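Atom set for the values below is all heavy atoms of this structure, side chains included, hydrogens, waters and symmetry mates excluded. Since this is a predicted model, take the numbers as computed values, not measurements.
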Amino acid sequence: MKKKITIIGAGAVGATTAYALLARGAASEIVLIDINTEKALGEALDIRQATPFLENCDIYAGDYVDAKDSDVVIITSGIGRKPGQTRLELVQTNVKIIESISAQITKYAPNAIYILVANPVDILTYAFLKYTGLPKRQVYGTGTVLDTSRLRTRLAEIYDVNKQQVYANVLGEHGDTSFVAWSSATIAGVPIDEYPKSIATPNRVIPEYSREDVEEYVKTSGSKIIARKGCTVYAIATASSHIVKVIAGDAQTALTVSSLHEGEYGIKDVCLSSLSLVGDDGVNSIITQPLSDEELKKLYASAEALKAVIRGVGL
């Protein structure tokens, strides 16, 4: 079922997310809210004029009151990452922006599912939960959904297979302490280490690669894109619209969104990415998939790094 979606922030990511939602047929109504009202009006008009060629959807610029009865609210507002800047360096400024937004939006859309996109997404997801007091199922961040997409893209290139045949996840922080859960990675359902020797065609050669290089590719893709064009837009907008499509379908889909952990893996009081079941009513459960001892250490290290930032900003 199509949803009413409010997007807070009509910058490059917010506007592209609105367009992606339209293209995927995930929304019946989209409200764009931005402190720059003229920008929001312009983006809404531009996107609305594409609807005759795509899906029928009512798209307009509005204010917080127009978010009433929204099924999903996507928050992209925040200062963007500059070349050479880490996501965590953004934290102080963007936490204040989230604090300002939280009281205004929940007044009109208390029952919506909230998806945080702005960075550092794990910290801002935690901050939004603290400022609003909403149930944890209603609030989560895009987390490592984008990182996972980057990982699967790279592995599909290496193995020369359809990207949808690659199942591998990035867990932890959306940032420097993220890691790949190699122990559960598969190609076409075959464990990734066993896949090359399972191919019967003798001239089908898998190029050699190192896992470290793949993880480096995932972690540095964002900064490389920012250095070249100033921002990352298409992949994160598509990731956000994919999450909304999952909500609309209510199919209970496992995604690496950033959600509040309350004892899973022994981790408490921090938002980070492990597999979560996402459906129409939000995050229903965190899936504690088996991880190797090394992967567990990396997950704990990621949690501690995020907790240190949380303490630093007084959350």
Side-chain angles (χ1 to χ4, degrees), residues 7-21 23 32 34-36 39-40 42-43 46-47 74-98 101 115-128 141-157 163 169-180 212-243 256-258 271-273 302 305-306 309 312-313:
I7 300 174
I8 302 178
V13 173
T16 308
T17 298
Y19 180 77
L21 288 166
L32 282 175
D34 197 285
I35 192 169
N36 185 342
K39 177 74 159 60
E43 294 290 2
D46 193 11
I47 297 168
I74 301 173
I75 301 176
T76 69
S77 294
I79 303 302
R81 189 157 57 112
K82 296 179 176 62
Q85 187 180 39
T86 68
R87 293 180 184 91
L88 292 181
E89 287 172 346
L90 297 173
V91 63
Q92 198 75 54
T93 299
N94 284 350
V95 163
K96 289 179 180 178
I97 292 172
I98 290 301
I101 290 170
I115 303 173
L116 279 292
V117 179
N119 279 316
V121 67
D122 304 292
I123 303 298
L124 299 188
T125 302
Y126 183 86
F128 192 86
T142 49
T144 58
V145 173
L146 173 56
D147 308 71
T148 294
S149 177
R150 288 169 172 163
L151 170 66
R152 294 179 182 181
T153 298
R154 184 66 186 125
L155 290 176
E157 291 169 350
K163 296 175 182 67
N169 295 308
V170 178
L171 305 181
E173 171 205 354
H174 175 54
D176 295 337
T177 64
S178 67
F179 65 96
V180 176
E212 291 75 18
D213 285 345
V214 171
E215 295 205 33
E216 184 70 10
Y217 171 91
V218 172
K219 290 181 181 181
T220 61
S221 285
S223 59
K224 287 179 179 177
I225 293 167
I226 290 168
R228 287 165 176 160
K229 58 172 281 190
C231 61
T232 60
V233 176
Y234 300 111
I236 184 57
T238 304
S240 301
S241 68
H242 176 68
I243 295 170
T256 56
V257 295
S258 180
C271 293
L272 77 170
S273 292
S302 200
L306 289 166
V309 177
V313 295

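- Nearest heavy-atom pair across Val117 and Ser240 is CG2-OG, 3.6 Å.
- Arg228 CZ to Ser223 OG: the interatomic distance, rounded to the nearest 0.5 Å, is 9.5 Å.
- Under the side-chain hydrogen bond (donor to acceptor under 3.5 Å, both in side chains) criterion, Thr142 pairs with no residue, sequence neighbours left out.
- Between His174 and Asp122 the shortest heavy-atom distance is N-OD2, 2.9 Å.
- Every residue meeting the side chain to side chain contact (heavy atoms under 4.5 Å, CB included) condition with Ala235, not counting sequence neighbours, appears here in chain and number order: Leu146.
- Under the 4.5 Å side-chain criterion, counting only non-hydrogen atoms from C-beta, Thr76 is not in contact with Ile236.
- Listed by chain and residue number, nothing satisfies the side chain to side chain contact (heavy atoms under 4.5 Å, CB included) test with Ile35 (two or more places apart in sequence, or in another chain).
- The distance from the OG1 atom of Thr238 to the CD1 atom of Ile243 is 11.0 Å, given to the nearest 0.5 Å.
- Listed by chain and number, the residues in a side-chain hydrogen bond (donor to acceptor under 3.5 Å, both in side chains) with Thr148 are Thr256 (sequence neighbours excluded).
- The two atoms that bring Gly143 and Ser273 nearest to each other are CA-OG, 3.3 Å, heavy atoms only.
- Here the CZ atom belonging to Phe179 is positioned 12.0 Å from the CG atom belonging to Leu151, to the nearest 0.5 angstrom.
- Here the CD1-OG distance, from Ile226 to Ser221, works out to 11.0 Å after rounding to the nearest 0.5 Å.
- Side-chain contact between Ile8 and Ile101 is present, with at least one heavy-atom pair separated by less than 4.5 Å.
- Partners of Glu216 according to the salt bridge (Lys or Arg N to Asp or Glu O under 4.0 Å) rule, which considers only residues two or more places apart in sequence or in another chain, do not exist here.
- Remark: Phe128 engages Tyr114 in a ring pair (Phe, Tyr, Trp, His ring centres under 6.0 Å) (not counting sequence neighbours).
- Put simply, the side chain of Ser178 reaches to within 4.5 Å of the side chain of Lys219, judged on heavy atoms.
- Checking side-chain atoms of Asn94 against main-chain N and O of Asn119 turns up a donor-acceptor pair under 3.5 Å.
- Residues forming a side-chain hydrogen bond (donor to acceptor under 3.5 Å, both in side chains) with Thr125 (at least two apart in sequence, or on another chain): none.
- For the side-chain hydrogen bond (donor to acceptor under 3.5 Å, both in side chains) test, residues two or more places apart in sequence or in another chain that qualify with Thr177 are Glu173, Ser302.
- Considering every non-hydrogen atom in both Val13 and Ala237, the closest pair reads O-CB, 4.3 Å.
- Minimum heavy-atom separation, Tyr217 to Arg150: CE2-O, 3.6 Å.
- Not counting sequence neighbours, Asp46 has no partner by the side chain to side chain contact (heavy atoms under 4.5 Å, CB included) test.
- Residues meeting the side chain to side chain contact (heavy atoms under 4.5 Å, CB included) test with Ala118, sequence neighbours left out: Leu124.
- The minimum heavy-atom distance linking Ile74 with Thr17 is given by the pair CD1-CG2, 4.0 Å.
- For the salt bridge (Lys or Arg N to Asp or Glu O under 4.0 Å) test, no residue two or more places apart in sequence or in another chain qualifies with Arg152.
- Between atom CD1 of residue Ile115 and atom OG of residue Ser241 there is a gap of 10.0 Å, rounded to the nearest 0.5 Å.
- Considering CG of Leu116 and CD1 of Ile75, their distance stands at 5.0 Å, rounded to 0.5 Å.
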